[in-house]
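Okay, structure first, notes after.
Small disclaimer: the values here were computed from a predicted structure and weren't measured. Reckoned from all heavy atoms, side chains included, excluding hydrogens, waters and symmetry mates.
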Amino acid sequence: AITAGGFLLLWHAPWLTSAPTNYVAEALVALEPETPKVPEFVVTHLPTPEPLKALYLTSWAAGTKSFRDHILKLTDETEINSLVIDIKDYSGRIAFPVINPVLIKIGSQELRIPDVKEFIGKLHKKGIYVIGRVAVFQDAFLVAKRPELAVKRESDNGVWRDRKGIPWLDAGAREVWDYTIAISRDAYAVGFDEINFDYIRFPSDGDMKDIAYTHFNSASSTRVKQMEKFFKYLDKGLNDLPLPTSVDLFGLTTSSADDLGIGQKLEIAAPYFDYIAPMVYPSHYASGYLGFANPATKPYEVVKNSLDLASLKLLNASSSPQKLRPWLQDFDLGADYTAEMVRAQIQAVYDAGLTSWMLWDPSNKYTVGGLDK
């Protein structure tokens with residue numbers, strides 16, 4: 001019996017001697033307070049800011065408290081409102097816990113950002129838009145796991161490598177396309193607001209005379225057509241998600257009439273991505289560009305000219321120049337980059353009629369003086 005005071009009172013009675021003992025257990029359980037349930041973490045997404053002002057972070061940096069604190073301080077004290085974080089870099093390792101069974105089976109995850117949902121949630125609370133970067137066809141891990149998907153050496157059918165020793169995936173391999181879509185969908189599920197695709201191209205350096213493709217047939221297609229097929233496939237595979245996409249292109253795609261031998265043409269990519277990110281790093285332009293002996297020392301002129309030409313290309317292709325969101329240089333190459341040189345590039349973006357930009361420094365040590373408060 002349950003007394004008025006809430007205690008369980010048991011006594012001996014003939015009609016209880018044969019009663020199942022679980023009656024007592026149930027009565028005891030009924031008296032125990034219910035264990036509070038821990039609420040599941042709710043993933044949110046932010047709309048793309050206008051204008052967008054972003055910094056790049058490696059996955060290792062994003063998973064390291066000291067780097068996080070430094071970058072968060074920058075977002076508090078400067079105009080930066082977005083971060084681009086590696087999801088999959090050249091190593092091929094996926095930086096966060098995956099949920100897709102195919103990705104789990106491949107085993108490419110390496111938990112560089114184990115608390116990715118919580119970290120992105122913290123950024124979102126501060127109003128920081130979070131972009132996930134995927135290095136698509138440069139992927140050492142998947143090549144090691146599935147060498148039949150790799151770019152090969154023509155001489156002996158071994159895995160081909162570029163001048164840095166990095167292997168590449170064959171741009172014509174449909175399984176690689178599906179793999180890229182799976183990674184992007186998992187990234188959206190954990191909170192990334194946008195996916196930025198890099199290395200969407202054919203290799204450009206290394207022993208190009210000893211290169212062969214199993215999945216791309218140069219006799220029946222061109223590199224440009226092959227890349228456009230991939231762009232279409234990627235767009236279709238993600239179009240059911242409210243997920244903006246962006247693509248990184250060589251800076252010279254803004255001015256070159258051909259595909260630079262890598263399958264990249266700015267106007268061909270434009271219809272399939274929300275944003276086009278030409279890497280207009282002044283240090284990457286050869287001596288003689290615009291008549292400059294060292295273009296790296298002329299950041300304003302190089303960036304302004306490149307973006308003017310890119311805008312014209314998009315207009316001629318019936319696309320909007322506002323899709324342009326360039327990568328700018330904040331690293332020392334060709335010249336020691338000062339705050340004034342960083343700012344000169346940003347001003348060139350504005351003078352070209354554009355509003356958004358992203359800063360790249362592979363070491364993630366940004367020139368704070370180049371940013372507005």
Side-chain angles (χ1 to χ4, degrees), residues 56 58-60 84 86-95 106 108 110 133-177 179-180 183 196-218 221-231 234 247-253 256 258-266 269 277-281 283-287 296 327 329 331-334 360-363:
Y56 160 72
T58 69
S59 51
W60 290 115
V84 183
D86 276 338
I87 287 174
K88 179 174 80 77
D89 60 17
Y90 71 92
S91 72
R93 305 311 296 265
I94 301 172
I106 290 172
S108 49
E110 182 175 63
R133 174 179 172 267
V134 178
V136 178
F137 294 119
Q138 207 180 50
D139 189 318
F141 184 86
L142 192 58
V143 166
K145 198 86 171 177
R146 299 285 307 280
E148 72 276 13
L149 299 176
V151 174
K152 300 297 183 63
R153 289 193 298 268
E154 188 175 38
S155 57
D156 60 4
N157 202 40
V159 172
W160 181 92
R161 296 174 186 273
D162 63 21
R163 64 180 175 83
K164 293 182 180 178
I166 300 172
W168 286 64
L169 294 164
D170 192 315
R174 189 64 58 92
E175 284 187 70
V176 175
W177 300 4
Y179 183 63
T180 304
I183 293 170
N196 169 252
F197 298 101
D198 200 358
Y199 289 93
I200 294 192
R201 61 178 178 84
F202 285 78
S204 59
D205 57 68
D207 189 354
M208 304 301 290
K209 294 180 180 179
D210 191 23
I211 197 167
Y213 298 92
T214 305
H215 303 272
F216 163 64
N217 186 352
S218 60
S221 186
T222 65
R223 285 172 169 75
V224 172
K225 288 180 180 177
Q226 183 64 70
M227 293 316 307
E228 186 173 19
K229 285 180 184 177
F230 174 56
F231 297 159
L234 191 62
V247 60
D248 298 340
L249 302 177
F250 271 16
L252 283 174
T253 60
S256 178
D258 60 27
D259 72 331
L260 306 172
I262 59 173
Q264 284 190 353
K265 293 193 77 172
L266 187 145
M279 299 175 285
V280 290
Y281 311 132
S283 62
H284 285 37
Y285 290 76
S287 177
W327 280 108
Q329 179 170 344
F331 53 89
D332 296 336
L333 184 63
W360 179 276
D361 176 14
S363 65

Looking at residues at least two apart in the chain, or sitting in another chain, which of them share a side chain to side chain donor-acceptor pair (under 3.5 Å) with Asp198? Arg133
Asp162 vs Pro203 side-chain heavy atoms within contact, under 4.5 Å: no
Parallel, tilted or perpendicular: which one describes the rings of Phe331 and Tyr281, with boundaries at 30° and 60°? perpendicular
State, to 0.1 Å, how close Ser256 and Asp258 come at their nearest heavy-atom pair, and which atoms those are. OG-OD1, 2.7 Å
If you round to the nearest 0.5 Å, how far is CE of Met279 from CH2 of Trp360? 8.5 Å
Do the side chains of Leu260 and Thr253 get nearer than 4.5 Å, heavy atoms only? yes
Tell me, do Lys152 and Trp160 make a side-chain contact under 4.5 Å, heavy atoms counted? no
Non-neighbouring partners of Tyr285 that pass ring pair (Phe, Tyr, Trp, His ring centres under 6.0 Å), sequence neighbours left out: Tyr289
Can you name the residues that form a side-chain contact (heavy atoms from CB on, under 4.5 Å) with Asp259, not counting sequence neighbours? Arg223, Val224, Lys265
Go through the structure and list residues passing salt bridge (charged side-chain N to carboxylate O under 4.0 Å, His left out) with Arg161, not counting sequence neighbours. none
Separation between CD of Glu110 and OG of Ser59, rounded to the nearest 0.5 Å: 8.0 Å
Those residues that, when tested against Lys209, pass side-chain contact (heavy atoms from CB on, under 4.5 Å) (two or more places apart): Asp207
Side chains of Asp86 and Thr58: closer than 4.5 Å at any heavy-atom pair? yes
So CD1 of Ile211 and CZ of Arg153: to nearest 0.5 Å the spacing works out to 11.5 Å
Sorted by chain and number, sequence neighbours left out, side chain to side chain donor-acceptor pair (under 3.5 Å) with Gln264 holds for none
Side chain to side chain donor-acceptor pair (under 3.5 Å) for Asp210 and Ser155? Distances and angles first, verdict last. CA-CA 6 Å; Asp210 191 23; Ser155 57; 2.8 Å; yes
Look up atom NZ in Lys88 and atom CD in Gln138, then write down how far apart they are to the nearest 0.5 Å. 9.0 Å
With sequence neighbours excluded, what pairs up with His215 under the ring pair (Phe, Tyr, Trp, His ring centres under 6.0 Å) test? none
Should Asp248 and Phe197 count as side-chain neighbours, where that means a heavy-atom distance under 4.5 Å? no
So CE of Met227 and NZ of Lys229: to nearest 0.5 Å the spacing works out to 12.0 Å
A side-chain contact here means heavy atoms from C-beta on lying under 4.5 Å apart; do Ile200 and Phe231 qualify? yes
Contacts of Phe137 that satisfy ring pair (Phe, Tyr, Trp, His ring centres under 6.0 Å) - sequence neighbours left out: Phe230
With a 4.5 Å limit on heavy-atom distance, are the side chains of Val143 and Leu169 in contact? yes
Residues which pass salt bridge (charged side-chain N to carboxylate O under 4.0 Å, His left out) with Glu148, listed by chain and number, not counting sequence neighbours: Arg146
Donor-acceptor pair, Gln226 side chain versus Gly263 backbone, under 3.5 Å? no
side-chain contact (heavy atoms from CB on, under 4.5 Å) partners for Ser108, two or more places apart: Ile94, Ile106, Phe141, Tyr179
Report the residues that fulfil ring pair (Phe, Tyr, Trp, His ring centres under 6.0 Å) with Phe216, sequence neighbours left out, ordered by chain and then residue number. Phe202, Tyr213
If the condition is side-chain contact (heavy atoms from CB on, under 4.5 Å), which residues does Asp332 pass it with, not counting sequence neighbours? Asp336, Tyr337
When rounded to the nearest 0.5 Å, the distance separating NZ of Lys225 from OG of Ser218 is 13.0 Å
Are the side chains of Phe250 and Ile262 in contact, using a 4.5 Å heavy-atom criterion? yes
